[in-house]
Amino acid sequence: MKDYLNEIPIFFAVDNEYVPFLVVTIQSIIDNLTENNKYELKIMYINLSKENMKKIQKYERHNVHIEFININNYLEHIKNKLYTRNYFSNTTYFRLFIPNLYSQYNKAIYLDCDTIVLTDIAKLYNIDIGNNLVAGVSDGAVQTVEVFQEYVEKVIGVYDYNNYFNAGVLILNLEELRKYNFQEKFLYLLEKVKYEVAQDQDYLNRLCKGRVKLLDPSWNKMPIMGEDNKDKKIIHFNLGFKPWFFDNVLYQEYFWEYAKKTDFYEKIKKLSSNYSEEDKIRDDANSSKLMDLAQKEADCVGDDRKKINIEYNQMSIQKSKERLEILKKIEKLEEEGKFDVDAENDPPTIPLTPDNVDYLHKKSSSKIKNKIANSFGLMYLKNIIKEQKLIIKDIKGIENLNKVTTGAMITCNHFNPFDCFAVEQVFLNSVQRKKKKLYKVIREGNYTNFPGLYGFLFRNCDTLPLSSLQSTMSKFLMAVNTILNKGDFILMYPEQSLWWNYKKPKPLKPGTFKLAVKNNVPVIPIFITMKDSDKIGEDGFPIQEYY
């Protein structure tokens, strides 16, 4: 018998419904393993057919052993206490019982079944995590959505939301977890506290905080974080980013590369066509409800995180050198009369091609992303108003907005990335929100260059990106015609340039007005004036009150 360098236990939790995706994950592991190690794949289940077991068993190799673990009896006395929501099943809790189930192991890996492994999984196993209980990657949704950041800090009690880890890819220090009596503490906590937002992941983060090693993000790449050029070792299609339901999911090419090698490929392909519009609407509603739930939970907990006197902290903030340079540049541009030149140095723009934009959300994937983005966007708007990062003191003339019965072009002065949120709030305060949509014209680079949540919102939140390519602009103009004739509104900045906190009007470009004339719709002019508030922003300057 061959002597192996390491015996590597890798645990999964699965039911019959998720078997096809588990097999794709296993395929990716096998394609990237080395001959030096023995890989022990442990499949935990409570409902798994013999037929599916045989299909999984086919992936055994001379150095890959697969074991099935029925934990029905193990969970019998607590299964009614395991809260689940939406598409989750009780399998999500299985990882919490690994330390006691396998006392012969001191260390193990846990993987969700919606992961793709692009390197030898032994490299993850071999990371030294010291006496920490677990090792994982900071959660992508928490990193990008402010309401989740507040939730994990206030409700779960993780001091810094950056330390809240995603439980889909874990190194488990089984020896230390047993010493810590982790399972006993979890079962006690389960009786006392009900976590509904992220369920077992919340329990893990509460119980393990202070003893967590954060791994490089390459070990758990989540589409919600946006694309980057950095290394990718494991891709995790968590939340609603499932390539078997939607087109154009980030990193989907890796999933399909391995799915094609499995016996489940045709079955997985059919899932997209069977995923109805009702399913998409339901999932969109679930995403919105989840954020509302997190907000409600956070609102029910006191906040003692601000340990530094706020007034002293505000006085001590130094004015941003970058902002000071921008003000100098604005002053110079004003003297030279170059009112249509941006004062801020934007990154190089990636040209937007016609096939990379779906202005009217005709594709099924575009529709669901649009709904998710709008839910996230509304939550973000509520947060920045609540935290007084956006302060709207007064709105005058909204009765004029209420009277418009056709489509319309909306204009506004452009002085801050948040000014579009101010216009959005005006629209939400009007009667028009009940029957119309508000689209926002954005620059090309905002659509093509931004990563993370902001990039997701720029690409999907009722935006109309301009382009340096004539072919794309033809598509843009057709979309504008359709939107205006349908009776919806379009926000466009005729000043063209963004001058930070510039309080005077600038000369207007004619494009907005030509579009209005061409489509025989009115122009609704908005002008925002500003005053310094008593709040100091992170850049050291007073946050502006908008009127």
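Taking the six-membered ring for Trp and the full ring otherwise, the centers of Phe421 and Phe418 sit less than 6.0 Å from each other. The ring of Phe237 has its center no closer than 6.0 angstrom to the ring center of Phe21. Taking the six-membered ring for Trp and the full ring otherwise, the centers of Tyr251 and Phe241 sit at least 6.0 Å from each other.
The line from CZ of Phe165 to CG of Leu214 is 9.0 Å long, rounded to the nearest 0.5 Å. Going from atom CD1 of Ile98 over to atom CE of Met44 covers 4.0 Å, rounded to the nearest 0.5 Å. Taking CG from Asn52 and CZ from Phe68, the interatomic distance works out to 9.0 Å, rounded to the nearest 0.5 Å. Summarising the geometry, atom CD1 belonging to Ile116 is positioned 5.0 Å from atom OG1 belonging to Thr25; distances are rounded to the nearest 0.5 Å.
Environment of NZ in Lys386: crowded, with over 12 heavy atoms of neighbouring residues, nucleotides or ligands closer than 6.0 Å. Counted within 6.0 Å of CD on Glu7, heavy atoms from surrounding residues, nucleotides or ligands total more than 12; the atom is thus considered enclosed. Within a 6.0 Å sphere centred on CD of Gln104, heavy atoms belonging to other residues, nucleotides or ligands number more than 12. The environment of Lys260 atom NZ is sparse: at most 12 non-hydrogen atoms of other residues, nucleotides or ligands sit within 6.0 angstrom.
If you run side-chain contact (heavy atoms from CB on, under 4.5 Å) between Val137 and each of Lys221, Met222, Gln143, only Met222 comes through. In summary, of the residues considered (Asp462, Asn460, Thr463, Asp358), a side-chain hydrogen bond (donor to acceptor under 3.5 Å, both in side chains) with Asn370 occurs for Asp462 alone.
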*Passes salt bridge (charged side-chain N to carboxylate O under 4.0 Å, His left out), Lys270 versus Glu266? Steps please.*
CA-CA 6 Å; Lys270 289 179 182 177; Glu266 293 300 329; over 6 Å; no
*Run the side-chain contact (heavy atoms from CB on, under 4.5 Å) check on Tyr164 and Gln201 step by step: do they pass?*
CA-CA 9 Å; Tyr164 180 93; Gln201 182 169 287; 3.2 Å; yes
*Show your reasoning for whether salt bridge (charged side-chain N to carboxylate O under 4.0 Å, His left out) applies to Glu176 and Lys179.*
CA-CA 5 Å; Glu176 290 295 325; Lys179 288 179 184 177; 3.5 Å; yes
_Go through it in stages, so that I can follow the logic: the residues are Leu118 and Tyr258, the test is side-chain contact (heavy atoms from CB on, under 4.5 Å), and I'd like the CA-CA distance, side-chain angles, deciding distance and then a yes or no._
CA-CA 10 Å; Leu118 302 177; Tyr258 293 104; 3.9 Å; yes
*For Lys230 and Asp216, run salt bridge (charged side-chain N to carboxylate O under 4.0 Å, His left out): C-alpha distance rounded to whole Å, both residues' side-chain angles, the deciding distance at 0.1 Å, then the answer.*
CA-CA 11 Å; Lys230 297 177 182 176; Asp216 186 271; over 6 Å; no
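Lys185 forms a cation-pi arrangement with Tyr180, by the criterion of a distance under 6.0 Å to the ring centre and an angle within 45° of the ring axis.
Val117 and Thr119 make their closest contact through CG1-O, 3.1 Å (heavy atoms, listed as atom of the first residue, atom of the second, distance). When all heavy atoms are compared, the tightest approach of Gln252 to Pro243 is CB-CB, 3.8 Å.
Taking 4.0 Å as the cut-off between side-chain N and carboxylate O, Glu146 and Lys389 count as a salt-bridged pair.
With a 4.5 Å cut-off on side-chain heavy atoms, Asn163 and Val212 do not count as touching.
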